[in-house]
Number of protein chains: 2
Amino acid sequence: MSGIVFYIDPSDEVPVYRQLMDQIRLHVTTGELSPNDELPSTRALSTELGVNPMTVSKAYSLLERDGMVTRRPGRPHVIASTSTAQVAQDRDTLLRASLEPAARLARQLDMNPAEALALFEHMLANGDDKSPRRHTQDTER
Amino acid sequence: MSGIVFYIDPSDEVPVYRQLMDQIRLHVTTGELSPNDELPSTRALSTELGVNPMTVSKAYSLLERDGMVTRRPGRPHVIASTSTAQVAQDRDTLLRASLEPAARLARQLDMNPAEALALFEHMLANGDDKSPRRHTQDTER
DNA sequence: CTCGCTGTATTACCGAACTAATACACTAGG
DNA sequence: CCTAGTGTATTAGTTCGGTAATACAGCGAG
């Protein structure tokens with residue numbers, strides 16, 4: 001059975017269908033979901049989350065496009081047998097994509113690479129705590 | 001006089017007012033714009049760029065909120081005398097903000113920090129070229 | 001004081017993205 | 001078959017961010 005639980009925040013700026021995709025991908029990387037595991041039906045999950053089945057369907061469809069899940073007409077989706085490979089490749093691709101804007105910014109600002117790396121290293125280590133010594137002023141957006 | 005030239009791309013997904021902000025900030029960091037330098041009038045610049053004066057005004061206003069420029073009623077904006085400090089502080093704040101999602105992702109994926117750092121270092125070094133040795137398959141968005 | 005410049009508050013418009021409603025197609029079990 | 005489950009194509013509705021139009025307010029040289 002799939003006792004997977006999803007948490008979504010409708011008020012988040014990240015659209016629901018993407019929150020879902022992210023969580024499913026994450027569950028695969030952590031091994032909570034394995035190849036051939038069934039995903040919740042669109043209706044069941046949509047009810048649980050309080051959204052429309054199409055929203056769930058959209059997430060599933062996009063994941064299928066990425067080769068992460070497999071579609072079976074009339075039957076629930078399952079985690080693709082190739083998902084593991086997908087994830088491995090994704091880890092790199094995803095991180096690179098995520099890092100790209102930062103790298104561009106750093107270069108644009110002509111920052112010292114060592115300094116930038118040090119900052120990133122620090123953030124990797126203790127991600128939750130606020131910062132080393134810096135007043136963070138912003139009520140940004 | 002201010003022979004500063006701005007290049008914007010209306011078809012870019014980044015909104016015009018933000019493109020403007022970025023370029024002004026950048027010009028300050030590179031020294032092309034110094035404290036007390038006058039910025040182009042909203043009308044002049046808007047005409048040159050083919051956009052509405054309000055769009056330019058929006059960029060200026062947001063930069064003022066950040067303490068990057070100073071507003072003078074009835075007169076053009078000028079680069080704030082504190083802009084240099086702003087930039088220094090910004091460099092750190094901006095990079096941190098930009099790096100934050102990547103750090104979270106890396107931790108979420110339980111990636112090896114060293115690996116992540118290596119990737120970032122590589123990206124900092126040669127930002128333009130494609131990649132070190134990795135099949136990049138994606139027609140993403 | 002007036003003209004020509006500056007900026008912008010307010011309002012309206014537009015388009016794209018996200019979500020929802022509806023109706024239809026497939027599958028398996030009884 | 002028939003039913004109760006599955007997914008989804010199509011269409012419509014809503015929201016929100018960005019941009020534009022308009023009209024108004026401050027400054028300074030003449």
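As the structure is a computational prediction, the values presented were derived from the model and not from experiment.
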Mind checking the CZ-CG spacing from A:Arg18 to A:Asp22? Nearest 0.5 Å is all I need.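 A:Arg18 atom CZ to A:Asp22 atom CG measures 8.0 Å (nearest 0.5 Å).
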Calculate, to the nearest 0.5 Å, the distance between atoms OG and CZ belonging to B:Ser83 and B:Arg25 respectively.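 Going from the OG atom of B:Ser83 to the CZ atom of B:Arg25 covers 12.0 Å.
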Closest heavy-atom contact between [X] and [Y]?
X        : Y       : result
A:Phe120 : A:Leu99 : CZ-CD1, 3.9 Å
B:Pro35  : B:Ser81 : CB-CA, 3.8 Å
B:Leu49  : B:Phe6  : CD2-O, 3.8 Å

Rounded distance in Å - [atom1] ([X]) to [atom2] ([N]):
X       : N      : atom1 : atom2 : result
B:Gln19 : D:dG18 : CD    : C1'   : 12 Å
B:Arg71 : C:dT8  : CZ    : C1'   : 7 Å
B:Asp9  : D:dG18 : CG    : C1'   : 15 Å
A:Leu62 : D:dG7  : CG    : P     : 15 Å
A:Glu13 : D:dG18 : CD    : P     : 11 Å
A:Leu39 : D:dG5  : CG    : C1'   : 16 Å

Could you tell me whether the side chain of B:Ser57 and the main chain of B:Pro53 form a donor-acceptor pair under 3.5 Å?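 No.
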Do side-chain atoms of B:Asp66 reach the backbone of B:Met68 as a donor and acceptor pair under 3.5 angstrom?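 Between the backbone of B:Met68 and the side chain of B:Asp66 there is no qualifying donor-acceptor contact (under 3.5 Å).
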Summarise how protein sits on nucleotides 19-30 of chain C as a single string, 5' to 3': B when a protein heavy atom is under 4.0 Å from the base, S for sugar-phosphate-only contact, - for no contact. BBB----BSS--
Check this for me, if you would: do A:Arg96 and A:Asp92 make a salt bridge, where the nitrogen-to-carboxylate-oxygen distance has to be below 4.0 angstrom?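 Yes, charged N to carboxylate O under 4.0 Å.
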Salt bridge or not between B:Glu64 and B:Arg72? Use side-chain N to carboxylate O under 4.0 Å.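 Looking at B:Arg72 together with B:Glu64, the answer is no, because their closest N to O distance does not fall below 4.0 Å.
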Base, sugar-phosphate, or nothing: which does B:Thr42 touch, judged by heavy atoms less than 4.0 Å apart?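 B:Thr42: base contact, heavy atoms under 4.0 Å.
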Using the C1' atoms of five pairs at each end, what's the angle between the two axes of the helix from C:dC1-D:dG30 to C:dG30-D:dC1, to 10 degrees?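 Answer for the end axes of this duplex: 0°.
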If the cut-off is 4.0 Å, is B:Ser57 near the phosphate of C:dT8, judged by side-chain N/O to OP1 or OP2?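 Yes.
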